[in-house]
Amino acid sequence: MDKLPAVGLLTPLDLNTVEAVPESHVWPHLDESSQKFESDKTVSIPVVDFNDDNVLELIGKACEEWGMFQLINHGIPKTLTAETEEVARCLFGLPQSQKMKTLNVPGTANGYCMARLTKHHDKMMWHEGFTVIGSPVDDFKKLWPSDYQPFCDKVEEYQLKMKALADKLISLIFKYLGISDEEMVKKLSYIDPATGKPHLALRLNSFPPCPEPSKVMGLAAHTDTSLFTMLHQARREGLQILNEKEGWLPLAPRRDALIINIGDFLQIISNGRFHSVPHRVMIRETEKTTMSMAYFFHPPGHLYVAPYCKPLSETLQTPIYKGVNVKEYFIIKAKASGKGIAALTI
């Protein structure tokens, strides 16, 4: 079967109104990996206390061994997280016709969207999303013409707090990898000189209740095209990671933690010391909506990313990946049906 057209050319289905799963969203046997690797086990990934005196080593070891960890005492106020989550809930609760006014179309990054993974698959996912890069004011004016400012204020405040946390995390991660302050400054240049836009994105995700959850996929298996991603899950169910030995394992995240997962660009920069872990979202609910908020920390599009190799025991590390321009990597990964790292392996 041919792949679906480009995501921006598709009209999202109002999943909150369907009484039966349409054929476009039915995943026969889900996918080969899910049939091969299903497991009832629940895994608890490492928990890192941001106030721990050994936080540098704890983060580094978690990135090396898991490519993912839970961060507690991270400094994001619970009230702000709850209020931003409520903004997302109000947004996704709007009539479909209202949300469609902010539809993410080709050439745009912000707005109402379906999973971008859709273009790699024959079937659509049980998901609706909303992307915010910079201020959401233009889109929020379309959603709430007379009352948009309070919603903007909460989302912008949440982004500022997450950016401050991301700054601290990437500094620790680069320090663990032995990357100098000078090199770190280059990689932390958030603003693209060509566009003047930041490279930080907030993605609001909604997984509506499904009449037949065993037939659908929330988000298909993928790795994140980022340095790292910081994820808040409103509910615990659904997120799974792929373990090479045991297959797909459901996560059991703490409610007070942010999930931090390594993205493709840090796997490249670390020369494979850190791993960008495949993950997916399964639908378990027939009556309740599951939500999450993902904050993607990207390097600027003009940056050339390559393995950082330093002398180890007087032996120079050999790069295992080709270097690549950030914008070019997005194209490479799309052409490789989401398997960008494999395309760069030497």
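Being a predicted model, the structure only gives us computed values, none of them experimental.
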Donor-acceptor contact below 3.5 Å, side chain [X] vs main chain [Y]:
X: His121; Y: Lys119; answer: no
X: Asn205; Y: Met293; answer: no
X: Trp144; Y: Gln149; answer: no
X: His222; Y: Pro278; answer: no
X: Asn54; Y: Glu57; answer: no
X: Asp49; Y: Asn73; answer: no
X: Ser270; Y: Leu266; answer: yes
X: Asn271; Y: Ile320; answer: yes
X: Tyr329; Y: Ile341; answer: yes

Which heavy-atom pair separates [X] from [Y] by the least distance, and what is that distance?
X: Pro253; Y: Ile259; answer: CB-CD1, 3.8 Å
X: Ala88; Y: Leu204; answer: CB-CD1, 4.0 Å
X: Pro213; Y: Ile283; answer: CB-O, 3.3 Å
X: Lys154; Y: Glu83; answer: NZ-OE1, 2.8 Å
X: Pro136; Y: Val155; answer: CG-CG1, 4.1 Å
X: Met125; Y: Ala115; answer: SD-CB, 4.0 Å

Are a donor atom and an acceptor atom from the side chains of [X] and [Y] found within less than 3.5 Å of each other?
X: Ser226; Y: Thr229; value: yes
X: Asp256; Y: His74; value: no
X: Asp224; Y: Asn261; value: yes

Problem - Pair Lys161 + Glu157: basic N to acidic O under 4.0 Å - result: no
Practice task
Identify whether the distance between the nearest side-chain nitrogen and carboxylate oxygen of Lys99 and Glu128 falls below 4.0 Å.
Solution key: yes
Would you say that [X] contacts [Y] through its side chain, given a criterion of any heavy-atom pair below 4.5 Å between the two side chains?
X: Leu219; Y: Trp126; value: no
X: Cys210; Y: Arg284; value: no
X: Gln233; Y: Leu239; value: yes
X: Leu15; Y: His25; value: yes
X: Ile260; Y: Tyr295; value: no
X: Ile262; Y: Val277; value: no
X: Leu13; Y: Val18; value: yes
X: Lys123; Y: Pro28; value: yes

Handout entry: CG (Asp147) with more than 12 external heavy atoms under 6.0 Å
Key = yes
Would you mind writing out the side-chain donor-acceptor pairs for residues 58-71 within the sub-3.5 Å range, not counting sequence neighbours?
from: Glu64; atom 1: OE1; to: Tyr176; atom 2: OH; distance (Å): 3.1
from: Glu64; atom 1: OE2; to: Arg273; atom 2: NE; distance (Å): 3.1
from: Glu64; atom 1: OE2; to: Arg273; atom 2: NH2; distance (Å): 2.8
from: Gln70; atom 1: OE1; to: Arg254; atom 2: N; distance (Å): 2.6
from: Gln70; atom 1: NE2; to: Ile45; atom 2: O; distance (Å): 3.1

Practice task
Hey, can you tell me if Phe140 and Phe130 have their rings parallel, tilted or perpendicular (30° and 60° cut-offs)?
Solution key: tilted
Practice task
Mind telling me whether His127 and Phe207 have parallel, tilted or perpendicular rings, with 30° and 60° as the class edges?
Solution key: tilted
Hey, any chance [X] and [Y] share a hydrophobic cluster, counting ILVMFWY side chains that come within less than 4.5 Å of each other, even indirectly?
X: Leu160; Y: Phe151; result: no
X: Leu172; Y: Tyr308; result: yes
X: Leu231; Y: Val43; result: yes
X: Phe274; Y: Val47; result: no
X: Met282; Y: Leu117; result: yes

Exercise for the section: For residues Phe228 and Phe265, establish whether the separation of their ring centroids is below 6.0 Å. Expected result: no
Problem - For Thr223, all residues meeting side-chain hydrogen bond (donor to acceptor under 3.5 Å, both in side chains), sequence neighbours excluded - result: Asp264, Lys333
Practice task
For Glu85 and Tyr158, run side chain to side chain donor-acceptor pair (under 3.5 Å): C-alpha distance rounded to whole Å, both residues' side-chain angles, the deciding distance at 0.1 Å, then the answer.
Solution key: CA-CA 10 Å; Glu85 185 182 313; Tyr158 184 76; over 6 Å; no
